[in-house]
Amino acid sequence: MTPADSPPDPSSGQPSSAPPPPSSTGAHMAPAERSVVGTLGVALMGAGLRGGTPLQKLVLGSVGAGLAAMAATGRNPLATALKIRQTQSGDVLVSDAVTIGRPADDLYAHWRDLASLPRVMTHLQRVDVLDETRSRWTVTAPTGEVSWEAEITADEPGRRLAWQSLPGAAIDNAGEVLFRPAPGDRGTEVIVRLTYRPPGGTAGAVLARVAGEEPAQQLRDDLMRFKREQELGFAPTTEGQSSGRAAAGRIA
Amino acid sequence: MKAIVWQGTNHVGVETVPDPTLLLPTDAIVKITSTAICGSDLHLLDGVIPSMEKGDILGHEFMGEVVEIGRDVKRLQVGDRVVVPFNIACGVCDPCRRGLFSACDNSNPNHRMAEALYGAVSGGGLFGYSHMYGGYAGGQAQYVRVPFADIGPHKIESDLRDEQVLFLTDIFPTGYQAAENCAIVPGRDVVAVFGAGPVGQFAARSAQMLGAAHVIVIDRVPERLSMAEAAGCQTINYEQDDVMVALREATGGRGPDHVIDAVGMEAHGHGPGAIVDTAKQRLKLSFDRITALRWAIMSCAKGGTVSMPGVYGGLIDKLPMGAAFAKGLTFKMGQTHTQRHIAPLLGRIEAGEIDPSFVITHRATLDDAPELYKTFRDKHDGCIKVVLDPWG
Ligand SMILES: [Zn+2]
Ligand SMILES: [Zn+2]
C-alpha cells in the first residue's frame with residue numbers, strides 16, 4: 001500500500017477493497033535492513049566474545065547471534081513474535097474493528113470531517129484540510145513535530161474512506177475506514193486498516209514496539225474512544241477521584 | 001471522609017481520604033448509610049486479583065442517600081434513598097440494551113487491561129475491585145461517587161430497613177442469577193449448591209423460590225450449614241462425608257439435576273488435585289483452585305446445568321471435560337447483571353417472600369473493618385456476613 005508499489009485508483013470504488021493480506025510466513029526484511037541487522041548482530045557477537053561478565057557475554061552473544069540469524073534467513077522472528085503484521089510489499093499493517101450503536105452515515109460523517117480526527121486519534125496533533133481531497137497531517141514525535149500531506153483516494157459516503165500520504169512524506173502511510181452494517185440492530189461495524197513503512201523497516205517497528213510506541217494498541221484505544229464518544233457522548237473516567245494516594249499526597 | 005483502603009497484600013486499613021466529587025455530569029454522590037464486606041473482597045485481601053494499587057478504596061456492596069447530582073442526571077434527586085449495584089453499566093451499549101449489564105462495553109476506562117487478559121472487549125467497571133475493572137473507588141467509606149447515576153442506583157421507597165435491601169447490590173442477585181441460570185423445572189429438579197457462604201445461601205433460597213423440589217448445600221463450616229438447614233435445605237459436610245456418594249444417595253443415584261458452584265477459585269478441598277491447585281496458585285502459575293468445580297461437574301446429573309456464580313480469574317486445567325461431555329452438561333456463568341434483578345427481587349422482599357438480613361452475623365463500624373476482614377477470611381466467630389455502619 002505504499003504509493004510506489006501500488007498506485008491508488010480513486011475511481012475504482014471497489015467496496016471494501018482490502019489491503020494485501022499480511023505475510024503469513026513471518027515478517028520479511030528488506031535487503032538493506034538485512035545487512036544492517038547482520039552487521040549489528042556480528043558486532044554484538046564480537047562484543048560478547050571480547051569481555052564483560054559471563055552474563056553480559058551470554059546476553060550480548062545470544063542477542064548478536066539472533067540478529068545474525070535474522071539477517072541470514074531474511075526473517076524477523078522478533079517482529080513475528082510481537083505480532084507485527086506486514087503486507088506483501090513490506091509495509092507494517094495495523095488494523096482493528098469496533099461495533100458502534102449508531103448509523104453508518106453518522107459515523108462516516110464524523111470521520112470525513114478530517115479536521116476533527118485528532119479528537120479521536122489522540123496521537124494526531126492536527127489535520128489541516130487543504131482542499132477537497134488533500135490534507136496535511138501533523139503528529140508529535142520524540143524529535144518534534146512531523147507532518148506530511150495526504151490525499152483521499154476513495155470516498156464512498158456511509159461505506160468507506162481511504163487515504164494515503166503523498167510522495168515526500170517522512171513516513172509513507174495509507175489508511176482506510178470501512179463502515180459496515182452490523183447484523184441485527186447493533187449499529188455499524190467500523191474497520192480501520194493502516195499501513196506504514198516505518199523508518200528502519202521491521203527492526204524499526206520492533207524497536208518502536210519495545211519503546212512503548214504501539215500503533216496497534218493506539219488504534220484500539222482510538223476506536224474505543226470513538227465508540228464511547230458516539231454512544232455516550234463522553235469518556236468514562238476515574239481521573240481525580242478520591243483515594244488513599246490522594247490523601248498521602250495532600251499530607252506531604 | 002473515612003474509608004477502607006487497600007494497603008497491599010493482606011493489609012487493609014482505615015484512612016482519612018478526600019471526599020469524592022462529581023467528575024462527570026452523569027455522576028451522583030451518595031452518602032453511605034450501610035456497606036458490607038463481600039467474599040470476593042477476600043480475593044483482594046489475598047492479593048489474588050491483579051492490578052490493585054495501594055490507596056484504592058474497597059467495597060462494592062453499599063447503599064445510602066443521594067447528596068449531590070450532576071447536571072445530566074435525570075432519574076435521581078438529592079434525598080433519594082438508593083441501593084447501588086456493584087457493577088457499573090452505561091445503559092446504552094448493545095450488551096446493556098440486552099440486559100447484560102455486567103458485560104457493558106463502555107463503563108471500564110481501563111478496557112486495555114481486561115482485553116489483554118481476556119481478549120475481546122472488556123466487561124464493565126466494578127466499584128472497588130482493581131484497575132482491571134476500571135479502578136473505581138469503592139463504597140466501604142462514608143461517601144462514594146456513583147458514575148452513570150441514571151442506570152445503576154435503584155430507589156427504595158418503602159420503609160424496609162437497610163439490612164433488608166442492602167444485599168440487592170450483589171449477593172442476593174448473584175445467588176438468584178445462579179439459580180435462574182439452572183432453568184429449574186418446579187417440583188421436579190434437585191439442586192445442589194457447593195459453598196454455603198453468602199452467595200451460596202442466596203442461591204439455595206433462590207432455588208427454593210424458583211420451585212426446586214429439593215435443595216442440598218455442601219460446605220465444611222458448621223454455622224454455614226446450620227444457616228442452610230434453617231431454610232429447609234439438606235446439608236452435606238464434605239469433611240465428614242464423601243460428597244459424591246452422599247449426593248448419589250440423596251438423589252437416588254441420579255445426581256443433582258443442577259449444581260451451583262458458589263465457591264469459585266479459592267476452593268479448599270482434598271486430594272492431589274487440590275494440592276496441585278494450591279501450589280500453582282502460590283507460584284502464580286494459576287489464579288484458581290477448582291475443587292468445587294470438579295465436584296460440581298462430576299456429581300451433576302445427565303443433561304444438567306453447572307451454574308457458576310463463584311469467581312474464576314484465569315486459566316484452568318485438569319478440568320473433567322470428559323465427564324461434562326459424556327453427561328451433556330450445560331455451563332452457565334458470569335458476573336451478575338445486577339441492574340435487571342433489583343426491581344423483581346425488591347418485589348419479593350416487599351411481599352415478604354424473603355428477608356435477606358438472615359445472612360448477617362456481624363455488625364460493626366469502619367474502624368472495626370480491618371479486623372473483620374481477617375475474621376471473615378478465617379471464618380472465625382461464626383462469621384458469614386459483615387455489615388458496616390460508616391457513621392458508627
Ligand atoms: Zn460482592
Ligand atoms: Zn453499557
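Owing to the predicted nature of the structure, the values given are computational and were not obtained by experimental measurement. Here is the naming used below: chain letters follow the sequence lines, and residue numbers restart at 1 for every chain.
In this structure, Lys227(A) and Asn106(B) have side chains that are in contact, with non-hydrogen atoms separated by less than 4.5 Å. For the pair Met224(A)/Arg112(B), no side-chain contact is recorded, criterion being any heavy-atom separation below 4.5 Å from C-beta on. Contact annotation: the side chain of Ser107(B) never approaches that of Pro236(A) to less than 4.5 Å [non-hydrogen atoms, C-beta and beyond]. Contact annotation: the side chain of Asp56(B) approaches that of Arg245(A) to within less than 4.5 Å [non-hydrogen atoms, C-beta and beyond]. Counting heavy atoms from C-beta on, the side chains of Glu53(B) and Ser243(A) never come closer than 4.5 Å. When side chains are defined from C-beta on, Asp105(B) does not count as touching Arg228(A), because their heavy atoms never get closer than 4.5 Å.
Most heavy-atom pairs under 4.5 Å with chain A: of the set Val92(B), Ile57(B), Leu23(B), Val5(B), this distinction falls to Leu23(B). The residue among His111(B), Arg98(B), Met1(B), Gln7(B) with the most heavy atom pairs within less than 4.5 Å of chain A is His111(B).
Neither the backbone nor the side chain of Pro147(B) comes within contact range of chain A; no heavy atom of the residue lies under 4.5 Å from a heavy atom of that chain. Residue contact with chain A, scored on non-hydrogen atoms closer than 4.5 Å, involves the backbone and the side chain of Ala137(B) alike. Of the atoms belonging to Phe148(B), it is side-chain heavy atoms, and not backbone ones, that fall under 4.5 Å from chain A. With a 4.5 Å cut-off on non-hydrogen atoms, Ala235(A) touches chain B through its backbone but not through its side chain.
Other residues, nucleotides and ligands contribute over 12 non-hydrogen atoms within 6.0 Å of the NE2 atom of His123(A). Atom CD of Glu239(A) has 12 or fewer neighbouring heavy atoms from other residues, nucleotides or ligands inside a 6.0 Å radius. Summarising the local packing, CD of Glu371(B) is surrounded by 12 or fewer heavy atoms from other residues, nucleotides or ligands at distances under 6.0 Å. More than 12 heavy atoms of other residues, nucleotides or ligands shown are found within 6.0 angstrom of NZ on Lys155(B).
Minimum heavy-atom separation, Thr237(A) to Tyr136(B): O-CE2, 4.0 Å. The two atoms that bring Glu15(B) and Gly244(A) nearest to each other are OE1-CA, 3.5 Å, heavy atoms only.
Here Phe234(A) contributes atom CZ and Thr26(B) contributes atom OG1; the two are 3.5 Å apart, rounded to the nearest 0.5 Å.
A donor-acceptor pair under 3.5 Å is formed between the side chain of Gln241(A) and the backbone N or O of Gly135(B).
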